[in-house]
Amino acid sequence: MSGIKSDGDDNFSRQETYRKLVPGNSNNEELGMKRNNKEYAAFIQEYNILSEYNLLRSQNLKGIYVIPSAKNPFIWFGVQFIRQGIFQGGVFRFTITLPSNFPDGGCPTVVFQSKIFHPLINSETGELNTIWGFDEYRKNNRVWQLIQYITKVLVKVDSKMTPVNEEASLLLETNFEEFRERAKNCVKESLNEVYSPSSEDPHYITFSPYDKELHGPIKQDIYKPKEGDNKAIGFSWVQPGSLQPFSKPDAR
């Protein structure tokens, strides 16, 4: 499974708010509500968040699902599938929390619910050290870049990383086999927890075990050869009905 979770805007339970019209005049007759700076700022902020998520969906990011909470647009749920590297096979859950004054306020906070033994992840809180990738998070930085960073640090663990987990950093540099073993344990633990939801939010990303009766027909359809799959592809540079190249005249 891969890609950003994309169920379309109509699946947002907060769509009534997201789909409001920006005020068109000073009387604010279109919205039918009092115009004040605080209310207007909150209104524009929701548009900024939706715009950020739509931009995220347009990126070709592999092996990851992300979607904002149905109850709180400042909290985004994510699941990362690791396809290579020392954590290969792991399915790690995380949340992204946007600053209250987004798009200002610096880098969003990333916290893993899955236990990951990693130099950049706090062993107590699960928070990812984002400073190593974003020493100064500016307003023109994007959340999709942060998600790209999440994938990068899990796929390629670098001993030069500025650690928040000193034990992981030390093992990575002095006893790689032990570090690898700890990483494998994290992968196993993540797979044991993948089907156990920890939130009742309607947008929380859930998975169900393989059911042959339910998923079998879909699997067969995926692997079934499509019409035209066996057709020859490419150009022929030989005479029809022979192995004689077009560029070489027939021997008489």
Side-chain donor or acceptor of [X] paired with backbone N/O of [Y] under 3.5 Å:
X      : Y      : answer
Ser169 : Asn165 : no
Glu52  : Val143 : yes
His203 : Pro68  : yes
Glu193 : Ser190 : no
Gln45  : Phe102 : yes

[atom1] of [X] to [atom2] of [Y]: how many Å apart, nearest 0.5 Å?
X      : Y      : atom1 : atom2 : value
Cys107 : Leu146 : SG    : CG    : 5.0 Å
Ser51  : Leu56  : OG    : CG    : 11.0 Å
Lys188 : Asn192 : NZ    : CG    : 9.5 Å
Thr151 : Ile147 : OG1   : CD1   : 8.0 Å
Ile44  : Ile49  : CD1   : CD1   : 12.0 Å
Asn129 : His118 : CG    : NE2   : 10.5 Å

Compare every heavy atom of [Y] with every heavy atom of [X], then report the nearest pair and how far apart it is.
X      : Y      : answer
Met161 : Trp132 : CA-NE1, 3.4 Å
Ala70  : Asp201 : N-OD1, 3.1 Å
Ile150 : Leu128 : CG1-CD2, 3.9 Å
Leu98  : Pro108 : CD2-CG, 3.9 Å
Glu200 : Lys71  : O-NZ, 4.4 Å

Parallel, tilted or perpendicular for Phe179 and Phe87, by the 30°/60° rule?
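Aromatic pair Phe179/Phe87 classed perpendicular.
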Asn60/Lys62 under side chain to side chain donor-acceptor pair (under 3.5 Å): CA gap, chis, key distance, verdict:
CA-CA 6 Å; Asn60 187 26; Lys62 304 294 187 181; 3.1 Å; yes
N-O pairing of Glu177 and Arg180 below 4.0 Å:
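Salt bridge flag = yes for Arg180 with Glu177.
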Looking at Lys160 and Glu173, does any basic side-chain N land under 4.0 Å from a carboxylate oxygen?
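Salt bridge: no.
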Output, in order, the C-alpha distance, side-chain angles, deciding distance and verdict of side chain to side chain contact (heavy atoms under 4.5 Å, CB included) for His215 and Ser208.
CA-CA 11 Å; His215 302 118; Ser208 57; 4.2 Å; yes
Going through the checks in order, is the side chain to side chain donor-acceptor pair (under 3.5 Å) test met by Ser69 and Tyr204?
CA-CA 7 Å; Ser69 162; Tyr204 188 76; over 6 Å; no
Side chain proximity check, Phe134 to Gln145, heavy atoms < 4.5 angstrom
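SC-SC contact between Phe134 and Gln145 confirmed.
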Non-hydrogen side-chain atoms of Val157 and Pro119 separated by less than 4.5 Å
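Sidechains of Pro119 and Val157: in contact.
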Who passes salt bridge (charged side-chain N to carboxylate O under 4.0 Å, His left out) against Glu136, sequence neighbours left out?
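Here the qualifying residues are Arg138.
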Which residues pass the salt bridge (charged side-chain N to carboxylate O under 4.0 Å, His left out) test with Asp211, not counting sequence neighbours?
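Salt bridge (charged side-chain N to carboxylate O under 4.0 Å, His left out) list for Asp211, sorted by chain: empty.
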Would Glu127 and Ile121 count as a side chain to side chain contact (heavy atoms under 4.5 Å, CB included) if you check the C-alpha gap in whole Å, the side-chain angles of each, and the deciding distance to 0.1 Å?
CA-CA 6 Å; Glu127 183 174 348; Ile121 299 176; over 6 Å; no
Tell me if the [atom1] atom of [X] is crowded by more than 12 foreign heavy atoms within 6.0 Å.
X      : atom1 : answer
Glu166 : CD    : yes
Ile131 : CD1   : no
Tyr223 : OH    : no

What about Leu170 and Val164, same hydrophobic cluster or not, with Ile/Leu/Val/Met/Phe/Trp/Tyr joined at side-chain heavy-atom distances under 4.5 Å?
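Result: no, two separate clusters.
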Does the ring pair (Phe, Tyr, Trp, His ring centres under 6.0 Å) test come out yes or no for Phe207 and Phe81, once each step is laid out?
CA-CA 13 Å; Phe207 304 94; Phe81 291 78; 5.7 Å; yes
What residue among Ile86, Leu171, Ile116, Leu172 forms side chain to side chain contact (heavy atoms under 4.5 Å, CB included) with Arg182?
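Testing each of Ile86, Leu171, Ile116, Leu172 against Arg182, the sole residue satisfying side chain to side chain contact (heavy atoms under 4.5 Å, CB included) is Leu171.
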State which residues pass side chain to side chain contact (heavy atoms under 4.5 Å, CB included) with Gln113; sequence neighbours excluded, sorted by chain then number.
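Once residues adjacent in sequence are excluded, the partners of Gln113 under the side chain to side chain contact (heavy atoms under 4.5 Å, CB included) criterion are Arg93, Thr95, Val111.
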Matching residue for Tyr53 among Phe74, Trp76, Trp144 - test: ring-ring contact (aromatic ring centres under 6.0 Å, His included):
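Testing each of Phe74, Trp76, Trp144 against Tyr53, the sole residue satisfying ring-ring contact (aromatic ring centres under 6.0 Å, His included) is Trp76.
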Carefully, step by step, assess Tyr65 and Phe77 under the rule side chain to side chain contact (heavy atoms under 4.5 Å, CB included).
CA-CA 8 Å; Tyr65 284 78; Phe77 301 117; over 6 Å; no
May I have the step-by-step check of side chain to side chain contact (heavy atoms under 4.5 Å, CB included) for Val91 and Gln80, ending in yes or no?
CA-CA 6 Å; Val91 182; Gln80 172 76 68; over 6 Å; no
